[in-house]
J.: 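There's a structure below that I have some questions on.
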Amino acid sequence: MKFLLMCLHERSYSSHWSLPLSRLSRMLSSVIIIGLLAFASSKPCDTSGSNNELLLSLNKDLLRSLEGQEGVPNPSVHLALRLSNYHNLAKESEHLNRLKNTLHNDIQNSLSNSQPVVGRMALYTLALKSSCYDLTTVTFTVGETSETLLTHLKKQMEQEKENIAFSQRPLTNYYQYSLGVLALCTSGIRVNNHVSNKLIKAVEHEHFKHGDVDSIDTYAMAGMALQCVKDSGTHVQNAAELDTALSKIKQKLLASSRTDGHIGNEFSTGLAVQALLAMGSPVAECAASMEAMRTDARRNTYHNPMAISQILPALQQKSYLTVKSKECLNEDDTLVLEPVDPVVVLPSKTKVAVMVEVVTSSGASAVYSVDVPKGSSVLEALELLQGQNVGFTFEKESSLWGPFLSAVNGEQARQSDRRYWHLSSDGTALNQGINDFKIETTQRITLKNTSY
């Protein structure tokens, strides 16, 4: 404002030095009013500065998550770091090496055991591509035959496609299938028309369900995958069907917008916004959703690294499709992690009564009760319940989103059987994992062996 007043003030004296004093006074008053209005209208700029601080904070949270990362490194986190405007190239390079070793070996083991691995392989491909790594040098060996990563990914997609033809669904799910299409396409590989057509038909027949509810994550990933296919110009045989599918995906996403701006829920909005941007929606159309994500980020809703990895590209107006044109030249390398004192969270002395209901695949149910410290995670509550030796047991497995239930009271819910343990609190489905959802009040947690 001071600069604006000075510029206009100088111009008043240099251009109008001979004007009557009364008129000059009126002009200066007008200048001051204009300056005040300009100051008022500058508030969005202040908001923009605040948003940049938030983006930096989220970026640093992702980098810090690498330090405490256990088990297989997360390629989605690497992808988000590489798509960001801000970088710590040394730490990103360290994580890339972990992906090339630990994740690579994990995928190799799955291939050797003939297990479907298209989702992890696709994310691995996207992560390597985001670092401009030469994909032709990455190989896996099955039997005595060594072939490149992209060759194996194409074979995985063929197996998935054949399973759709045989049983009307992929070996894994349509989310992973879409990831496979996207990874091949962004890597410059022509996607087989039969492979992309299966995805188009799945959109047409609305096969993207999680129970009875539309899977917004799947629609979003399919949108990015099919947009990449469209942009590549190779799918000319059924161009009209492709356009129709993309339009339907966009309609589904927009129709799932809530009054608070989120699309689906807090944890599907990141991918949904990425997809809308990739499909050509103007940023203004996603403004409410972006603000909703920013609001929840400031509330620390997105403390899970996987969640942050999906919202960060969206908030920077990018998508996974951006990987296709990624160039690793003249990158910023100014992101520095300040030392952070470890935070010790003491268990709350306030106890909360929790009822845990287990519903088996046959429909039989059993109910248990346990008192847990307020703020405990579902996982901590189940561990306490198991420790009471009342006949309740559970097993968990790891995933990119964190641990998930694989068996309860000895009963498995296997992906190969199209089953999972559906969790709900007082009848409302949980949209967070067992390590993320916190128990603040007395409630009934239901674990139901569910088919999909």
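Bear in mind the structure is a predicted one, so any value in this text is a computation, not a measurement. In what follows, residues are counted from 1 in the order of the sequence shown. All values below come from the heavy atoms of this structure, side chains included, with hydrogens, waters and symmetry mates left out.
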J.: Look at the side chain of Gln108 and the backbone N and O of Thr141, then say whether any donor-acceptor pair between them is shorter than 3.5 Å.
T.: yes

J.: Within a strict 4.5 Å, meaning less than it, do heavy atoms of the Leu335 and His87 side chains meet?
T.: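 A side-chain contact under 4.5 Å is absent here.
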
J.: Can any side-chain N or O of Thr186 pair as donor or acceptor with the backbone N or O of Ala183 at less than 3.5 Å?
T.: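 Here the side-chain-to-backbone pair exists.
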
J.: What I want to find out is whether Lys154 reaches Glu147 closely enough, with some N-O distance under 4.0 Å, to be called a salt bridge.
T.: no

J.: Is the closest side-chain heavy-atom distance between Lys324 and Ser232 below 4.5 Å?
T.: yes

J.: Using side-chain contact (heavy atoms from CB on, under 4.5 Å), reason through Gln316 and Tyr86 one step at a time and then give a plain yes or no.
T.: CA-CA 11 Å; Gln316 293 184 326; Tyr86 316 105; 3.7 Å; yes

J.: For Pro403, does its backbone N or O pair with a side-chain atom of Asn435 as donor and acceptor, under 3.5 Å?
T.: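 It does not hold such a pair.
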
J.: Any side-chain heavy atom of Ser187 sitting closer than 4.5 Å to one from Thr125?
T.: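 They are in side-chain contact.
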
J.: Report the residue from Lys100, His78, Glu92 that forms a side chain to side chain donor-acceptor pair (under 3.5 Å) with Ser131.
T.: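 Running side chain to side chain donor-acceptor pair (under 3.5 Å) over Lys100, His78, Glu92 with Ser131 returns exactly one hit, His78.
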
J.: Kindly check if the number of other-residue, nucleotide or ligand heavy atoms within 6.0 Å of NZ (Lys129) is above 12?
T.: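 Yes, because the 6.0 Å sphere around NZ of Lys129 holds more than 12 heavy atoms from other groups.
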
J.: Does the Lys248 side chain pair with the main chain of Glu204, one donor and one acceptor, at a distance under 3.5 Å?
T.: yes

J.: In terms of the angle between their ring planes, are Tyr302 and His262 parallel, tilted or perpendicular, with boundaries placed at 30° and 60°?
T.: perpendicular

J.: Does some side-chain heavy atom of Leu55 sit less than 4.5 Å from a side-chain heavy atom of Asn51?
T.: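 They are not in side-chain contact.
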
J.: Leu128 and side-chain contact (heavy atoms from CB on, under 4.5 Å): which partner among Leu99, Val323, Leu149, Leu123?
T.: Leu149

J.: Nearest 0.5 Å, please: how far is NZ in Lys161 from CG in Leu171?
T.: 12.5 Å

J.: So do the side chains of Arg64 and Asp61 get within less than 4.5 Å of each other, counting heavy atoms only?
T.: yes

J.: Between His210 and Tyr420, is the ring centre distance below 6.0 Å?
T.: yes

J.: Please round to the nearest 0.5 Å and tell me the distance separating atom CZ of Arg419 and atom OG1 of Thr450.
T.: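 Here the rounded value is 7.0 Å.
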
J.: State, with a plain yes or no, whether a side-chain heavy atom of Ile311 is found less than 4.5 Å away from one of Thr269.
T.: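 Heavy-atom side-chain distance check fails, nothing below 4.5 Å.
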
J.: Got Tyr368 and Leu382 here, is their nearest side-chain heavy-atom distance under 4.5 Å?
T.: no

J.: I want to check something: taking the side chain as every heavy atom from C-beta on, are Tyr174 and Asp217 in contact at a cut-off of under 4.5 Å?
T.: no

J.: With a 3.5 Å cut-off and no angle check, do the side chains of Asp426 and Thr428 form a donor-acceptor pair?
T.: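 Judged by distance alone, the side chains do not pair up.
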
J.: Within the side chain of Tyr175, is there an N or O that forms a donor-acceptor pair under 3.5 Å with the backbone of Phe208?
T.: no

J.: Tell me whether Ser93 contacts the main-chain N or O of Leu89 through its side chain, where contact means a donor paired with an acceptor under 3.5 Å.
T.: no

